[in-house]
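Along the sequence shown, the residues carry numbers beginning at 1.
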Amino acid sequence: MSKGNELKPRIGLFGRRNVGKSTLVNFLTGQQIAIVSDTAGTTTDPVRKSMEIGGIGPVVLIDTAGIDDEGELGKQRVEKSMAALAEVDLALLLYTEGAYGEQEETVERWCTEHGTPMLKVKTKAEPIDKEQLIEQIKKALPESAYRGRSLLGDVVSQGDTVVLVTPIDSSAPEGRMILPQVQVLRDLMDIHAQALFCQPQELPSTLAALKAAPALVVTDSQAFKQVAAIVPEAVPLTSFSVVLARQKGLFKRYLEGSRKIGDLKDDDRVLLLESCTHNVTCEDIGRVKLPALLQKATGKRLRCEVIGGQSPLPQDLSQYALVIQCGGCVITRQQVKARLLPALEASVPVSNYGLALAWCNGIFERATKIFQQ
């Protein structure tokens, strides 16, 4: 599947002011993309530019502000650079002769602690060999960053029939399918399985028309309860959101965190993270449906908050009893991990929209069984 801009592997350029980060971006892309100046601190916010690397495909280069910036604004720029470090699949650490000190060691230490691959690039001493650097990047960039595993290839085989239940309500996009549904459909096509689409009310007739039971039913999480009542217990059932949660990683953490929902108490704060920016409706999953279901299922008075897009997280996440991440269909696996890292470091349980909805509807074990066998 060709990837959208959001799903390309990310390669970040880090280093002090005026070390040549923007110059290297222009050099690698062969275009005057980033502003280059002898004035230190020309780059303020991270700048992103796509390019193609043979054998890998499209990637995103992230040009960041200097890690030695000064002053109040400089401190904020450094913080943004370090935040960008958390989302990259490969870090290029630029430095000059005789200038490798505390700032560079901070970046190197962060990469070591978080398992992020890093390449050191010495600048301004002698001309950089572009082909040699590209080859080093290709060797250092994890294959998992650009060659994702099949969503369902380990549970569905060629020729299997899979029923995809896709409700159409006011929150559904006009005239198109939502991205997780498209991704699952494409994956089934790659497997050479047969996919059948229907809405919840059409599910009984769809199942009745099949000569044999489907290998799997995948539903929109919002229709979990209705669909579970229709699909026989012997037929595996899960949701698009659960499928994506497994692909994006942290699935074991999600399973552990979802089981903590039953431990929530009155006035506990729950933080919901949405990766995309969309128009909010009265049927919005993160702002309306999921908070209501959580309160109903737990019987507790909960304080639910939502942060959309890539807006900054609260500095103190220990004040939350649970963090719930959306499916993350528009961001990379590394970005999902980076988004949840502060919560994990604060020992706050994390869950996922689909898994939380499954728990609230009393079918958590059934919705995850096929992926735990």
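Nearest heavy atoms, Ala358 versus Ala367: CB-CB, 4.0 Å. Of all heavy-atom pairs between Lys300 and Asp266, the closest is CA-OD1, 3.3 Å. Across Gly328 and Lys248, no two heavy atoms sit closer than the pair O-CE, 2.9 Å. Here the shortest heavy-atom pairing between Leu28 and Met51 reads O-CE, 3.4 Å.
The residues Asp69 and Lys80 are annotated as not salt-bridged, no charged nitrogen and carboxylate oxygen being separated by less than 4.0 angstrom. Between Asp63 and Lys21 there is no salt bridge, since no side-chain nitrogen of the basic residue lies less than 4.0 Å from a carboxylate oxygen of the acidic one. Ion pairing between a basic and an acidic side chain is recognised when a charged N comes within 4.0 Å of a carboxylate O; Glu135 and Lys138 show such pairing. Looking at Arg259 and Glu365, a side-chain N of the basic residue comes within less than 4.0 Å of a carboxylate O on the acidic one, giving a salt bridge.
Within the structure, side-chain hydrogen bond (donor to acceptor under 3.5 Å, both in side chains) pairs that include any residue of residues 206-219 do not occur (at least two apart or interchain).
Test Arg17, Lys75, Arg77 against Asp68 for salt bridge (charged side-chain N to carboxylate O under 4.0 Å, His left out) and you get one pass: Arg17.
Within the 3.5 Å criterion, the main-chain N or O of Ile363 finds no donor-acceptor partner in the side chain of Asn361. Judged purely by atom type and a 3.5 angstrom limit, Asn352 has no side-chain atom pairing as donor or acceptor with the backbone of Ala245. The main-chain N or O of Asp267 is never found under 3.5 Å from a side-chain atom of Arg269 such that the two would form a donor-acceptor pair. Side-chain atoms of Ser351 do not come within 3.5 Å of backbone N or O of Gly257 as any donor-acceptor pair.
Atom CZ of Phe240 is separated from atom CD of Gln222 by 12.0 Å, given to the nearest 0.5 angstrom.
By the salt bridge (charged side-chain N to carboxylate O under 4.0 Å, His left out) test, Lys120 pairs with Glu108, sequence neighbours left out.
Taking the side chain as every heavy atom from C-beta outward, Leu322 and Asp268 never approach each other to under 4.5 Å.
The local environment of CD in Glu52 is crowded, with over 12 non-hydrogen atoms from other residues, nucleotides or ligands closer than 6.0 Å.
Side-chain contact check for Tyr254 and Gln325: no donor-acceptor pair (N or O, by modelled atom type) lies under 3.5 Å.
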